[in-house]
Amino acid sequence: MNKEKSIVVLNNLIEINTERIEIYKTAKKVTVEHDLKDLFAEFQETSAIFKLELVEEVQKMGGVPVHIVKRNSLFSRFWINFKLTVDGKDREDILNTLEYNEFVTIKSYKDTLSNNLDYLTAELHIRLKSQQIMLTKHHDKVKKLGDLMLS
């Protein structure tokens with residue numbers, strides 16, 4: 001196993017979770033609906049836990065965890081999209097935007113895992129797959145709430 005490449009993989013996932021934390025922090029601010037605020041707080045906490053786990057793994061390998069989100073990150077694109085589409089803090093717009101974000105997050109996790117199997121221990125792969133499964137459950141919750149808006 002190449003530790004340097006493993007650290008890069010884990011740092012990519014740290015960035016994804018850091019962005020997700022910021023997205024849900026922002027989403028909690030723009031909505032006035034308490035059920036959504038609670039849901040977004042839950043999602044934010046999940047990513048905070050995932051990030052902490054990933055940081056610990058990077059440190060165990062002797063690496064330095066990433067702390068800065070890239071300028072053209074998912075969060076930046078999300079914020080711009082949010083400002084353009086969620087002027088009235090519309091529940092449906094918020095849920096649609098977040099559903100798309102969750103889809104992108106899951107895809108990033110899947111791609112990172114499938115493209116870097118050689119750089120992850122079996123134990124680490126299982127942990128990351130577990131994180132991906134939880135993120136998929138979050139996506140499904142947001143999608144279900146959005147679908148309820150259509151009925």
Side-chain angles (χ1 to χ4, degrees), residues 1-31 33 35-86 91 93-147:
M1 185 178 81
N2 182 325
K3 279 189 179 184
E4 290 79 24
K5 290 192 178 188
S6 298
I7 291 168
V8 168
V9 170
L10 294 175
N11 273 328
N12 286 338
L13 296 174
I14 289 170
E15 282 186 47
I16 290 168
N17 281 288
T18 300
E19 291 173 354
R20 194 167 180 267
I21 290 166
E22 292 303 315
I23 286 167
Y24 282 106
K25 196 180 293 183
T26 301
K28 284 189 317 190
K29 288 178 186 174
V30 299
T31 188
E33 300 187 43
D35 66 322
L36 292 183
K37 285 183 183 284
D38 292 343
L39 183 69
F40 300 161
E42 173 191 336
F43 291 1
Q44 183 181 343
E45 179 62 25
T46 299
S47 273
I49 291 167
F50 291 172
K51 180 180 174 181
L52 180 62
E53 291 174 356
L54 295 164
V55 165
E56 289 172 356
E57 288 297 329
V58 168
Q59 290 171 336
K60 279 185 205 174
M61 292 181 189
V64 177
V66 67
H67 294 290
I68 299 171
V69 177
K70 295 175 185 164
R71 201 165 266 254
N72 190 20
S73 67
L74 181 61
F75 175 69
S76 299
R77 292 188 308 272
F78 169 82
W79 182 245
I80 291 165
N81 192 25
F82 228 56
K83 285 180 135 182
L84 294 174
T85 62
V86 188
R91 182 181 180 96
D93 288 340
I94 291 171
L95 290 171
N96 287 337
T97 302
L98 293 173
E99 179 187 347
Y100 177 74
N101 174 67
E102 289 298 299
F103 171 78
V104 171
T105 299
I106 294 164
K107 182 169 180 1
S108 296
Y109 251 76
K110 282 182 181 178
D111 291 348
T112 298
L113 292 177
S114 65
N115 295 334
N116 296 289
L117 282 174
D118 295 341
Y119 309 119
L120 302 170
T121 64
E123 179 184 312
L124 193 52
H125 186 264
I126 290 168
R127 175 179 283 182
L128 299 176
K129 190 69 174 171
S130 174
Q131 289 182 359
Q132 178 192 324
I133 290 167
M134 179 58 77
L135 293 173
T136 301
K137 288 179 182 179
H138 285 189
H139 169 269
D140 294 348
K141 279 185 182 180
V142 172
K143 182 172 180 6
K144 184 177 180 182
L145 286 173
D147 289 348

Give me the atom names and distance for the closest heavy-atom approach of [X] to [Y].
X	Y	value
I21	S47	CG1-CB, 3.7 Å
V58	P65	CG1-N, 3.6 Å
L95	V142	O-CG1, 3.4 Å
I7	G62	CD1-C, 4.5 Å
S6	M61	CB-SD, 3.7 Å

Taking [X] for its side chain and [Y] for its backbone only, find out whether a donor-acceptor pair lies under 3.5 Å.
X	Y	answer
T31	A27	no
N116	V9	no
S130	I126	no

I want to check something: taking the side chain as every heavy atom from C-beta on, are [X] and [Y] in contact at a cut-off of under 4.5 Å?
X	Y	answer
R91	D35	yes
L54	N11	no
T121	H125	no
T97	I94	no
L36	L145	yes

Taking salt bridge (Lys or Arg N to Asp or Glu O under 4.0 Å) as the definition, give me every residue that meets it alongside [X], ordered by chain and number, with sequence neighbours left out.
X	result
K144	none
K137	none
D140	none
K110	none

Return the [atom1] to [atom2] distance between [X] and [Y], rounded to the nearest 0.5 Å.
X	Y	atom1	atom2	value
N2	L120	CG	CG	11.0 Å
F40	E33	CZ	CD	8.5 Å
Q132	I16	CD	CD1	10.5 Å
T112	L13	OG1	CG	5.0 Å
K3	K60	NZ	NZ	11.5 Å
N17	T105	CG	OG1	8.0 Å

Taking everything shown except K28 itself, do over 12 heavy atoms lie less than 6.0 Å from its NZ?
-> yes
Which of these passes side chain to side chain donor-acceptor pair (under 3.5 Å) with E102: H139, H138, R20?
-> R20
Sequence neighbours left out, what passes side chain to side chain contact (heavy atoms under 4.5 Å, CB included) with I49? Give chain and number order.
-> E45, E53
With sequence neighbours left out, what residues match E42 under side-chain hydrogen bond (donor to acceptor under 3.5 Å, both in side chains)?
-> K141
Applying side-chain contact (heavy atoms from CB on, under 4.5 Å), run through I14 and F50 and close with a yes or a no.
-> CA-CA 8 Å; I14 289 170; F50 291 172; over 6 Å; no
